[in-house]
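Please read the structure below before turning to the comments.
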Amino acid sequence: MAAKQVEGLSLEQRHGKDRVRVARVWRNTPDGRHVVVEWSVSISLLSDCLAAYTRDDNSDIVATDTMKNTVYAKAKECVEQVSVEDFAILLAKHFTSLYQQVTCAIVNIVEKPWERVSVNGEPHEHGFKLGSERHTTEVILEKSGALRVTSGIERLAVLKTTKSGFEGFIRDKYTALPDTRERILATEITASWRYPYESVISIPQKPLYFTEKYLNVKKVLIDTFYGPPKEGKYSPSVQSTLYDMAKTVLKSIPDITAVQLKMPNLHFLPVNISSKDGPIVKFDDDVYLPTDEPHGSIQATLSRLWSKM
């Protein structure tokens, strides 16, 4: 964001509306099944409204209440089902094209995971249940047309009860952790990935294109974490598994230029009860104390050489 010089000072500013909650139902789908989405929308506008700061003149400001109402109006205009990314782009285009003062729009959306239920093995036409992981996106669109689209996933909780270890790490006088080749590996994945499209017109004109890519990325992350159903895949560290997951995403999905993963190591500590006289009960790695505080924190970004995340 470019700074403005005002009265010998440097001013950077933006304004917007956060956490606008909107749900949209599409009832007239080709297969007759209803579709519902629930979004939390945050909008931030970079605009030429210095007078509001320096001269008490609000004539160049887009009111945040207007932004909120625009979210509902644009959701109504989406006659056909759209992805969360498409809706963010739609909003960004609206604000950068309608208002001369707006030089850039930043739209962040988190989609709540309503999933269709099945009853007696048959998908329900209008019944849904709440899942866990959430689909996210950030769209940055400048008035010039320059575009940046980033998508992501939050709260993707995964666990495997074996095929994980950690050994050979640095040891000093403060190290109490033993080497192991057998432990539970659990984490809650936060991932984000960037698309290469630099303008709206360069995005593939395919219905629900971004939704398809989101589902593909989620599948790659899950499949790579667990490995084949019978034999699984050994994880020598969270770092190794994170790198393998990120690399497989880039290898499998050419449309993505960079991926960032955050994978906290959520510990399951074997429970053994002892007294001053010795062990009372030894559970032999069958009973654990699940804990997420404190936890290990692992994060990395993997990009194609020609890409910047």
Side-chain angles (χ1 to χ4, degrees), residues 38 40 84 110-118 128-138 150-167 169 177 179-194 210-253 255-256 258-271 283 285-303 309:
E38 182 182 343
S40 178
V84 65
V110 178
E111 181 173 327
K112 213 166 184 178
W114 289 107
E115 302 170 349
R116 189 178 307 281
V117 299
S118 293
F128 299 84
K129 66 179 179 67
L130 190 60
S132 55
E133 65 273 4
R134 301 188 174 203
H135 183 174
T136 65
T137 193
E138 179 181 75
T150 305
S151 295
I153 188 169
E154 295 177 347
R155 302 182 186 178
L156 178 58
V158 292
L159 177 152
K160 58 184 181 181
T161 56
T162 189
K163 295 286 185 176
S164 174
F166 188 55
E167 55 188 339
F169 46 88
L177 186 70
D179 285 359
T180 182
R181 290 187 60 82
E182 182 59 54
R183 66 173 183 171
I184 289 178
L185 177 58
T187 187
E188 190 173 85
I189 301 167
T190 298
S192 61
W193 54 91
R194 186 178 172 189
F210 288 110
T211 300
E212 177 186 316
K213 296 303 172 185
Y214 167 80
L215 294 173
N216 288 346
V217 172
K218 184 170 75 167
K219 184 177 187 304
V220 169
L221 292 175
I222 291 173
D223 291 354
T224 309
F225 177 85
Y226 292 114
K230 296 293 186 181
E231 60 270 27
K233 184 175 184 179
Y234 182 72
S235 170
S237 66
V238 178
Q239 287 86 344
S240 175
T241 297
L242 182 153
Y243 178 75
D244 195 21
M245 292 164 67
K247 182 176 67 173
T248 306
V249 167
L250 293 181
K251 182 178 178 180
S252 304
I253 308 174
D255 309 56
I256 291 174
V259 58
Q260 181 183 88
L261 294 178
K262 300 177 184 179
M263 293 173 54
N265 189 4
L266 305 180
H267 304 298
F268 281 65
L269 307 176
V271 174
F283 290 98
D285 293 345
D286 291 328
V287 177
Y288 299 84
L289 170 63
T291 177
D292 56 8
E293 293 181 356
H295 62 244
S297 177
I298 298 92
Q299 174 179 326
T301 301
L302 195 63
S303 308
M309 184 69 175

For [X] versus [Y], what's the shortest heavy-atom pair and its separation?
{"X": "Leu177", "Y": "Phe169", "result": "O-CZ, 3.3 Å"}
{"X": "Arg134", "Y": "Pro113", "result": "CG-CD, 3.9 Å"}
{"X": "Ile153", "Y": "Glu133", "result": "CD1-CG, 3.8 Å"}

Practice item. Verify the neighbour count for atom CZ of Phe128: are there more than 12 heavy atoms of other residues, nucleotides or ligands below 6.0 Å? Key: yes

**Study point:** Lys262 atom NZ: more than 12 heavy-atom contacts under 6.0 Å
**Key:** no

**Study point:** Results of salt bridge (charged side-chain N to carboxylate O under 4.0 Å, His left out) for Lys213 - residues two or more places apart only
**Key:** Asp255

**Study point:** salt bridge (charged side-chain N to carboxylate O under 4.0 Å, His left out) partners of Arg181, counting only residues at least two apart
**Key:** Glu167

Exercise for review: Tell me, please, which residues at least two apart from Phe268 pass ring-ring contact (aromatic ring centres under 6.0 Å, His included).
Suggested key: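 Phe268 satisfies ring-ring contact (aromatic ring centres under 6.0 Å, His included) with no other residue.
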
Practice item. Could you pull out all residues at least two apart from Phe225 that satisfy ring-ring contact (aromatic ring centres under 6.0 Å, His included)? Key: none

Interatomic distance, [X] atom [atom1] to [Y] atom [atom2] [nearest 0.5 angstrom]:
{"X": "Ser297", "Y": "Met263", "atom1": "OG", "atom2": "CE", "answer": "11.5 Å"}
{"X": "Glu38", "Y": "Lys112", "atom1": "CD", "atom2": "NZ", "answer": "4.5 Å"}
{"X": "Arg116", "Y": "Lys129", "atom1": "CZ", "atom2": "NZ", "answer": "12.0 Å"}

Set of residues satisfying side chain to side chain contact (heavy atoms under 4.5 Å, CB included) with respect to [X], sequence neighbours excluded:
{"X": "Thr291", "value": "His267, Leu269"}
{"X": "Ser240", "value": "Pro236, Ser237"}
{"X": "Ala246", "value": "Val259, Leu261, Leu302"}
{"X": "Thr248", "value": "Val220, Thr224, Asp244, Ser252"}

Are the side chains of [X] and [Y] in touch, meaning some heavy atoms are under 4.5 Å apart?
{"X": "Glu188", "Y": "Asp292", "answer": "no"}
{"X": "Val249", "Y": "Trp193", "answer": "no"}
{"X": "Phe210", "Y": "Thr137", "answer": "no"}
{"X": "Leu185", "Y": "Asn265", "answer": "yes"}

Practice item. Begin with the C-alpha distance, continue with both residues' side-chain angles, and end with the deciding distance and a verdict on side chain to side chain contact (heavy atoms under 4.5 Å, CB included) for Arg155 and Ser132. Key: CA-CA 7 Å; Arg155 302 182 186 178; Ser132 55; 5.6 Å; no

Holding to side chain to side chain donor-acceptor pair (under 3.5 Å), I want the full list of residues that pass it with [X], two or more places apart in sequence or in another chain.
{"X": "Glu154", "value": "none"}
{"X": "Thr187", "value": "none"}
{"X": "Ser235", "value": "Thr241"}
{"X": "Arg183", "value": "Ser164"}

Point to revise | Polar side-chain atom of Lys218 near backbone of Leu156 as donor-acceptor pair, under 3.5 Å | key: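 Side chain of Lys218 to backbone of Leu156: no pair is present.
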
Review point. Which of these passes side-chain contact (heavy atoms from CB on, under 4.5 Å) with Met245: Val217, Ile189, Ile222, Asp223?
Key: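 One option only clears the test, and that one is Ile189.
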
